[in-house]
Every structure is written in C-alpha cells, then in structure tokens.
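What follows is a short report on a single structure.
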Amino acid sequence: MKVVVSIGGSVLAPDLGSERVRAHADVIEDLAAEGCTVGTVVGGGGVAREYIGAARELGANEIELDDIGIDVTRLNARLLIAALSEQAAPSPPEDYESAGAAMHRGDIAVMGGVTPGQTTDAVSAALAEYTNADLLVYATSVPGVFSDDPNETDDAQKFDELTASELVDVIAGLEMNAGSSAPVDLLAAKLIERSGVRTIVLDGTEPERIADAVRFGEHEGTDIVPEGADDQMTYWASDEQ
Ligand SMILES: Nc1ncnc2c1ncn2[C@@H]1O[C@H](COP(=O)(O)OP(=O)(O)O)[C@@H](O)[C@H]1O
Ligand SMILES: O=c1ccn([C@@H]2O[C@H](COP(=O)(O)OP(=O)(O)O)[C@@H](O)[C@H]2O)c(=O)[nH]1
C-alpha cells in the first residue's frame, strides 16, 4: 500500500520533544517494514506559531509569514528524518517530484511546506495525488472533522463520514491566515475532492492510531469518502478486490 501521512505540527511538535518524534518515527518505520511505500508531511506546530506571531508584530505580511512557517515545517521534517535515519531521504523534499522520486526508490519521504498561501495539509493532499497514493491520513490534534471547532464550541459534533464536497463546505468558512488552525485546509479539501484519494482525519496524538488506520482501516476519526460511496464497510471492502 502507498500511503501519505500528514503529521500535524500540533501532534509532532507542539513543543520540541524528541520522544514524541521518536514515537512517530517508530510507527512510520513499522509501516515501511510491513511493505508500505510511505510519504510523510509534517507541520510547523507551536514553534511556527511563535515565529509567525513575532514576525507579524514586526510588520511582516502574510506571505512573508507563510515563508517563515514553511522554514519551521522543514526544521520539524529534519527532526523526523533524524529519527528515521537511513530509511528516509536525507533532506526534506521541497517539491512533489523530488518526494515522489524518493518514494519510488524506496525511501521514506519527509516533507515540510512547499509554497505560501496554504498549509502542509495541502502539501499532503498534493503528494497523495501526485504519487497516486492508496490512502491519505491526517494525524491531527482532534478526533476528526467537526461541525465547529471542538476547542471553541462545546456542542460541536464529530462527523464519522463526509464526502469530499461536504468537507469543502465545512472548511470553506474557516479563516486562512499564516498559522491558523483547521483539521485540513481548503486547498487540501479541494484536492481530495478532485483526486478522490481515500482520506482519514484522526487524532494522531497516539501514533499507533495512524498504524491501525493504515493497516486495518480502523479509527475513530472521520472518513472522507468518494461521492456516492454507499457505506463504510463497502467502501473499505472495495479495496480488497
Ligand atoms: N471544524 C473543525 N473540526 C475540527 N477541528 C477544527 C475545526 N475548526 C477548527 N478546528 C481546530 O483545528 C485544530 C487542528 O488544526 P491545527 O492546529 O492546524 O492542527 P495540525 O497541527 O494537525 O495541523 C483543532 O485543534 C481545532 O481546534
Ligand atoms: O506549504 C505550506 C506549508 C506551510 N505554510 C505555512 O506554515 C505554517 C505552518 O504549517 P501548518 O499550518 O501546516 O502547520 P501545523 O498546522 O501542522 O502546525 C502555515 O500556517 C503556513 O503559514 C505555507 O505557507 N505553505
């Protein structure tokens, strides 16, 4: 199976903790050892938001802030590469062709950001489309996609399943500034809709949840299903043909 795993910065590096990076690297290594071709994209986390906040106070515009965020995502990617050692391409690919080439030769590709005006969510969706991945997993800091921000709205309801176009509708109303928070960004949602890639949004704070989703399709997050998929089991079972 070819899988792209998007590890949110809030999950990998809310602060700089090597043990957390090691735990995610172990899961990624296990999946590769089990025969998966793995591409990973990591976010900027708390450090990115500290730099973005300081630079915003200094008068940087949103594109300049995005560039700062991208640099931090690539630093986080280097942390994960350090933990993966020889199994990972030695530096964070800065475009999809380089990442795809690394995956094609059997390396684990670990990307950060690519270009301003988006987040690593879009990078993950684009890498999944570029490599014709079988599955795209977003490991974020909440248990899936909700009707509202669950950290702001007590009665926000988690979606167990959304079509890609429904996901676009949920995300479309969220702000999009450098450092803003969303389970996936709008461009990612549109790329998922266009490509039809099988996608799961789950709480990745326990890395093993990522492995269970990849191995068995088992998770407590949100399945993003193609338009017209009649039910969850049929959807997963179709993969066995
Ligand atoms: N509709 C929503 N569903 C889920 N989370 C949401 C939603 N709207 C906003 N959020 C916020 O998005 C956050 C996840 O985005 P982000 O902080 O960028 O995480 P990541 O590090 O995974 O990219 C959640 O912690 C939550 O507070
Ligand atoms: O391709 C990218 C990836 C990231 N970013 C910037 O870097 C920040 C941190 O990335 P991301 O939001 O994906 O990190 P996470 O939310 O996972 O911590 C984003 O908010 C953007 O400002 C960007 O401009 N382009």
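Atoms within a ligand are numbered from 1 in the order they appear, just like the ligands themselves. Quick note: numbers below take in every heavy atom, side chains included, and nothing from hydrogens, waters or symmetry partners. We count residues from 1, following the sequence as given.
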(request) Can you establish whether the number of heavy atoms outside Asp15 located under 6.0 Å from its atom CG is more than 12? (result) yes

(message) Any nitrogen or oxygen of Asn177 lying under 3.5 Å from a nitrogen or oxygen in ligand 2? Just yes or no.
(response) no

(message) Below the 3.5 angstrom mark, is there an N/O of Gly44, backbone or side chain, next to an N/O of ligand 2?
(response) yes

(request) Check each atom of ligand 2 against the heavy atoms of Gly113 and keep those under 4.0 Å away; list them by number with element. (result) 1 (O), 2 (C), 3 (C)

(request) Considering only non-hydrogen protein atoms, determine which one is nearest to atom 24 (O) of ligand 2 and report residue, atom name and distance to 0.1 Å. (result) Asp66 CB, 3.1 Å

(message) Regarding ligand 2, does Ser180 bring an N or O atom to under 3.5 Å of one of the ligand's N or O atoms?
(response) no

(message) Just by distance, no angles: are the side chains of Thr119 and Asp185 close enough, under 3.5 Å, to form a donor-acceptor pair?
(response) yes

(request) Please confirm whether Leu65 comes within less than 3.5 Å of ligand 2 when only nitrogen or oxygen atoms on both sides are compared. (result) no

(message) Between Ser98 and Asp95, is there a side-chain donor-acceptor contact under 3.5 Å, judged purely by atom types and distance?
(response) yes

(request) Can you sort out which atoms of ligand 2 are near Gly8, meaning under 4.0 Å from one of its heavy atoms? (result) 17 (O)

(message) Once you restrict to heavy atoms under 4.0 Å, what part of Val123 touches ligand 2? Side chain, backbone, both or neither.
(response) side chain

(request) Going by the side chain to side chain contact (heavy atoms under 4.5 Å, CB included) test, name the single residue among Leu191, Val197, Ile192 that passes it with Arg194. (result) Leu191

(request) Give the numbers and elements of all ligand 2 atoms closer than 4.0 Å to a heavy atom of Ala178. (result) 20 (O), 22 (O)

(request) Give the residue and atom name of whichever protein heavy atom lies nearest to atom 11 (P) of ligand 2, and the separation in Å to one decimal. (result) Thr120 OG1, 3.8 Å

(request) Could you give me the CA-CA distance, side-chain angles and deciding distance for Glu193 and Lys190, then say whether salt bridge (charged side-chain N to carboxylate O under 4.0 Å, His left out) is met? (result) CA-CA 5 Å; Glu193 184 181 40; Lys190 291 298 287 183; 3.0 Å; yes

(message) Taking Val225's backbone N and O only, do any of them form a donor-acceptor pair with Asp223's side chain (distance below 3.5 Å, no angle check)?
(response) no

(request) Step by step, work out the salt bridge (charged side-chain N to carboxylate O under 4.0 Å, His left out) result for Glu220 and Lys158. (result) CA-CA 10 Å; Glu220 294 175 5; Lys158 181 173 76 84; over 6 Å; no

(request) Give the residue, atom name and distance (to 0.1 Å) of the protein heavy atom nearest atom 12 (O) of ligand 2. (result) Arg49 NH2, 3.5 Å

(message) Please determine whether the number of non-hydrogen atoms from other residues, nucleotides or ligands lying under 6.0 Å from atom OH of Tyr51 exceeds 12.
(response) no

(request) Take Glu94 and Arg74 through the salt bridge (charged side-chain N to carboxylate O under 4.0 Å, His left out) test and state the conclusion after the steps. (result) CA-CA 9 Å; Glu94 300 187 3; Arg74 289 176 180 162; 3.4 Å; yes

(request) Write out the residue and atom name of the closest protein heavy atom to atom 17 (O) of ligand 2, then the distance separating them to 0.1 Å. (result) Gly9 N, 2.8 Å

(request) Closest by any non-hydrogen atom to atom 5 (N) of ligand 2: pick that one out of Met176, Gln118, Met111. (result) Gln118

(message) Can you work out which protein residues put a heavy atom within less than 4.0 Å of ligand 1?
(response) Gly8, Gly9, Ser10, Arg49, Thr140, Ser141, Val142, Gly144, Val145, Phe146, Asp148, Asp149, Pro150, Asn151, Leu174, Ser181, Ala182, Pro183

(message) Under a 4.0 angstrom heavy-atom cut-off, which atoms of ligand 2 come close to Pro116?
(response) 24 (O)

(message) Among all protein heavy atoms in this structure, tell me which lies nearest to atom 18 (O) of ligand 2, with the distance rounded to 0.1 Å.
(response) Gly45 N, 2.7 Å

(message) Suppose we measure from atom 10 (O) of ligand 2 to each protein heavy atom; which comes out shortest, and what is that distance?
(response) Thr73 CG2, 3.6 Å

(request) Starting from atom 1 (O) of ligand 2, locate the nearest protein heavy atom and write down its residue, its atom name and how far away it is, to 0.1 Å. (result) Val114 N, 2.9 Å

(message) Using the rule given for side-chain contact (heavy atoms from CB on, under 4.5 Å), can you reason through Val3 versus Leu136, listing the C-alpha separation, both sets of side-chain angles and the distance that settles it, and then say yes or no?
(response) CA-CA 6 Å; Val3 60; Leu136 168 60; over 6 Å; no

(request) Check whether any side-chain heavy atom of Ile171 lies under 4.5 Å from a side-chain heavy atom of Leu174, and answer yes or no. (result) yes

(message) If I apply the N/O under 3.5 Å rule, does Gly179 come out as touching ligand 2?
(response) yes

(message) Would you compute the distance between atom CG of Leu16 and atom CG of Leu79 and round it to the nearest 0.5 angstrom?
(response) 6.5 Å

(message) Quick check against the 3.5 Å criterion: does Glu34 have a side-chain atom that pairs as donor or acceptor with the backbone of Leu31?
(response) no

(message) Side chains of Ser6 and Val137, heavy atoms from C-beta outward: is any pair under 4.5 Å?
(response) no

(request) Determine the minimum heavy-atom distance between Val21 and Ala83, stating which atoms define it. (result) CG1-CB, 4.1 Å

(request) Give the residue, atom name and distance (to 0.1 Å) of the protein heavy atom nearest atom 2 (C) of ligand 2. (result) Thr115 O, 3.4 Å

